[in-house]
Amino acid sequence: MDKRTFIQTMSVLTGGVILSDLTGCNSSQKPTPMNGHLTNWAGNLTYSTDHVHYPTSVEQVQEVVKKCNKIRALGSRHSFNTIADSTENQLSLQQMNKVLSLDKTANTITVQSGTRYGDFAPYLDENGYALANLASLPHITVAGACATGTHGSGVDNGNLSTSVSAIEFVNAAGDVVALSKNKDGDKFYGAVVNLGAIGILSKVTLDIIPTFKMKQVVYLNMPMEELRNNFADLESKGYSVSLFTDWKNKNINEVWIKSRVVDDDNTTAAPELYGAKLATKNMHPIADQSAENVTDQMGIPGTWYERMPHFKMGFKPSAGKELQAEYFVPIENAYEAIMAVQKLNEKISPHLFITEIRTIKTDELWMSPCYRQTSVAIHFTWKQETDAVMSLLPLIEAQLSPFNAKPHWAKLFTMQPRILQSRYKRLSDFKQLVAEYDPSGKFKNEFLQKNIYS
Ligand SMILES: Cc1cc2nc3c(=O)[nH]c(=O)nc-3n(C[C@H](O)[C@H](O)[C@H](O)COP(=O)(O)OP(=O)(O)OC[C@H]3O[C@@H](n4cnc5c(N)ncnc54)[C@H](O)[C@@H]3O)c2cc1C
């Protein structure tokens, strides 16, 4: 697919809502999206309000924020839980989706906060630049991803928020606030993974690096036992490594290894890796699904944004009708934690599409699950069987409790707030930061009330 087709397809795939005009917060002026209340991407959640604002400029964001008593920002709605929900107002950044500047001296790109990674990756590449990492899909907004600590994989790669070098947001008073890594140091680290609590991000500046090429290969069927002594070695086999398992037969079904391609790269992949065999065709993470929507494998070199995500740009990612949950544990506990989940295999497998295991480098972001902890993330793509999944999560959380597991902020979890809160060392600092920008709780919703403040 060429770049123009890609961008057009992205717009079609994610632009399906009817836009309403910018209005005040008075209920008599309520704009009603044509399809009623919005749902999240997976369709497992219908938001609690149909009062959605669609500003096109930071001035309009300020105007709406000033008028509303309660409001939450909306990105591309890929979160699985109620983190973006509001019973009163939502403000979609869908129309604030432009690249604002590319700074070739500072090596940064500044985008409006509703811009999706896939929207500007080709532009960056054309200009000789790349992002250090991407999630499994390019369809998510920069602000939405960074608010929740969204990540890709790689022992030397921090989550996507670690690439943020400056933000601009509208606080509860309607004022525009700018924070940057260089100027605001520790406070900035509190504001990037912000759970949507400090205000509405209008601009995000990201660090960029010279463009590069990558290739990926897949190995099939590795005995899980191999992870006991070889986990670290396996994770260092590529720039980004993902392990997929359905938890059946103590087997890692697929090992995806994404490597940077250096000039004159003539290396070929070994036919075997810790008992796993090199795949001879493209594989979907869920082995029985068509590989049509996955990025090219088989060691074929391609540009960074066409190899780092698992799913091909312009195609629907993952399984579609699904649920997701994910837990972060210290990398030192990787094998024990995986084995602890393995004990539940008979309960998990019937409701699961696939589990993905990734690594994320330690960071300094207060509310990041990887704060001062290089982590392993154990992810579950579930069939959309909500009752069964919600009754399994407490069992998984109990198994991972000895490792102080933290759930992904944007995925499903059932962990008691008191336990969750005890696992965030900078939580009280974060609450102080939120109080500075939102003293009256304008951006506080039920999710935050329960998980952060209860
Ligand atoms: C198919 C699929 C694959 C996924 N793959 C990955 C993966 O590889 N790695 C991973 O870590 N996660 C993954 N996720 C989860 C996803 O990255 C997160 O849900 C992310 O937050 C989605 O971003 P969004 O733009 O959809 O934000 P939304 O879901 O719309 O919002 C998320 C949060 O961000 C806040 N927010 C959004 N915009 C702003 C703004 N402008 N200002 C302030 N706050 C804002 C919202 O209020 C909310 O709290 C996946 C999800 C799906 C559906």
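Scope of the values below: all heavy atoms of this structure, side chains included, with no hydrogens, waters or symmetry mates. Just so you know, ligand 1 is whichever comes first in the structure, and atom 1 is the first atom listed for that ligand.
Ligand 1 places these atoms under 4.0 Å from at least one heavy atom of Ser136: 3 (C), 4 (C), 5 (N), 6 (C), 7 (C), 8 (O). With ligand atoms numbered from 1 in the order given, ligand 1 contributes 42 (N), 43 (C) to contacts under 4.0 Å with heavy atoms of Gly199. Counting the atoms of ligand 1 from 1 in the order shown, those under 4.0 Å from a heavy atom of Ile140 are 17 (O), 22 (C), 23 (O). For ligand 1, the atoms sitting less than 4.0 Å from at least one non-hydrogen atom of Ser113 are 41 (N), numbered in the order shown with element in parentheses. Contact atoms of ligand 1 toward Ala135: 7 (C), 8 (O), 9 (N) (distance under 4.0 Å to a heavy atom of the residue). The Gly196 neighbourhood of ligand 1 comprises atoms 44 (N), with distances under 4.0 Å to a heavy atom of that residue. Under a 4.0 Å criterion applied to the non-hydrogen atoms of Thr148, ligand 1 contributes the atoms 18 (C), 20 (C), 21 (O), 32 (C), 33 (C). Of all atoms in ligand 1, listed by their number and element, those nearer than 4.0 Å to a heavy atom of Ala143 are 38 (N), 39 (C), 40 (C), 41 (N).
Between Lys203 and Glu168 there is a salt bridge, since at least one side-chain N of the basic residue sits less than 4.0 Å from a carboxylate O of the acidic one. A salt bridge is absent between Asp296 and Lys215: the closest approach of a Lys/Arg side-chain nitrogen to an acidic carboxylate oxygen does not fall below 4.0 angstrom. Ion pairing between a basic and an acidic side chain is recognised when a charged N comes within 4.0 Å of a carboxylate O; Glu364 and Arg372 show such pairing. Salt-bridge formation is not detected for the pair Lys187/Asp429: no Lys NZ or Arg NE/NH1/NH2 atom is positioned less than 4.0 Å from an Asp or Glu carboxylate oxygen. Arg358 has a carboxylate O that lies under 4.0 Å from a charged side-chain N of Glu356, or vice versa, which qualifies the two as a salt bridge. Ion pair Glu63/Lys67 flagged as a salt bridge, since at least one NZ, NE, NH1 or NH2 atom sits closer than 4.0 Å to an Asp/Glu carboxylate oxygen.
Stacking of Lys444 on the aromatic ring of Tyr453 is recorded, both the 6.0 Å distance cut-off and the 45° axial limit being met. The cationic group of Lys425 does not satisfy the cation-pi geometry with Tyr371, failing either the under 6.0 Å distance to the six-membered ring centre or the 45° limit from the ring axis.
Considering Ile167, Leu74, Thr150 only, the shortest heavy-atom separation from atom 16 (C) of ligand 1 involves Thr150. One option in His408, Gln324, Lys203 has a heavy atom closer to atom 11 (O) of ligand 1 than any other, and that option is His408. Closest heavy-atom approach to atom 14 (N) of ligand 1 among the candidates His78, Lys411, His139: Lys411.
Any N or O atom pair closer than 3.5 Å counts here, and Thr141 shares at least one such pair with ligand 1. Considering backbone and side-chain N/O of Arg72, one or more are found under 3.5 Å from N/O of ligand 1. Residue Asn194 has no nitrogen or oxygen atom sitting less than 3.5 Å from a nitrogen or oxygen atom of ligand 1, judged on distance alone. At least one N or O atom of His151, backbone or side chain, sits closer than 3.5 Å to an N or O atom of ligand 1. At a 3.5 angstrom cut-off on N or O pairs, Ala147 does not count as close to ligand 1. Annotation: Gly144 places an N or O atom under 3.5 Å from an N or O atom of ligand 1; distance criterion only.
Counted within 6.0 Å of CD on Gln342, heavy atoms from surrounding residues, nucleotides or ligands total more than 12; the atom is thus considered enclosed.
Glu306 and Trp304 share no donor-acceptor pair across their side chains, judged by distance under 3.5 Å alone. Inspection of the Ser76 and Trp41 side chains reveals no N or O donor paired with an N or O acceptor under 3.5 Å. With hydrogens and angles left out, the side-chain atoms of Asp246 and Ser349 include no donor and acceptor closer than 3.5 Å.
Remark: distances from the non-hydrogen atoms of Glu356 to ligand 1 are all 4.0 Å or more.
Here Ser79 has heavy atoms under 4.0 Å from ligand 1 in both its backbone and its side chain. Counting heavy atoms under 4.0 Å from ligand 1, residue Phe80 touches it through the side chain alone. Residue contacts with ligand 1 for Ala145 involve N, CA, C or O but no side-chain atom from C-beta outward (heavy atoms, distance under 4.0 Å). Looking at Asn40 against ligand 1, nothing comes within 4.0 Å, counting heavy atoms. Using a 4.0 Å cut-off between heavy atoms, Arg358 contacts ligand 1 through its side chain alone, with no backbone atom that close. Proximity of Leu93 to ligand 1, defined as any heavy-atom pair under 4.0 Å, is confined to the side chain (atoms from C-beta onward). With a 4.0 Å heavy-atom cut-off, ligand 1 is reached by the backbone of Leu201 and by its side chain too.
When each of Phe328, Phe80, Tyr424, Tyr327 is checked for a ring-ring contact (aromatic ring centres under 6.0 Å, His included) with Trp409, only Tyr424 meets the rule.
Residues Met96 and Val58 share a closest heavy-atom pair of CE-N, 3.9 Å. Minimum heavy-atom separation, Pro55 to Gln95: O-CB, 3.7 Å.
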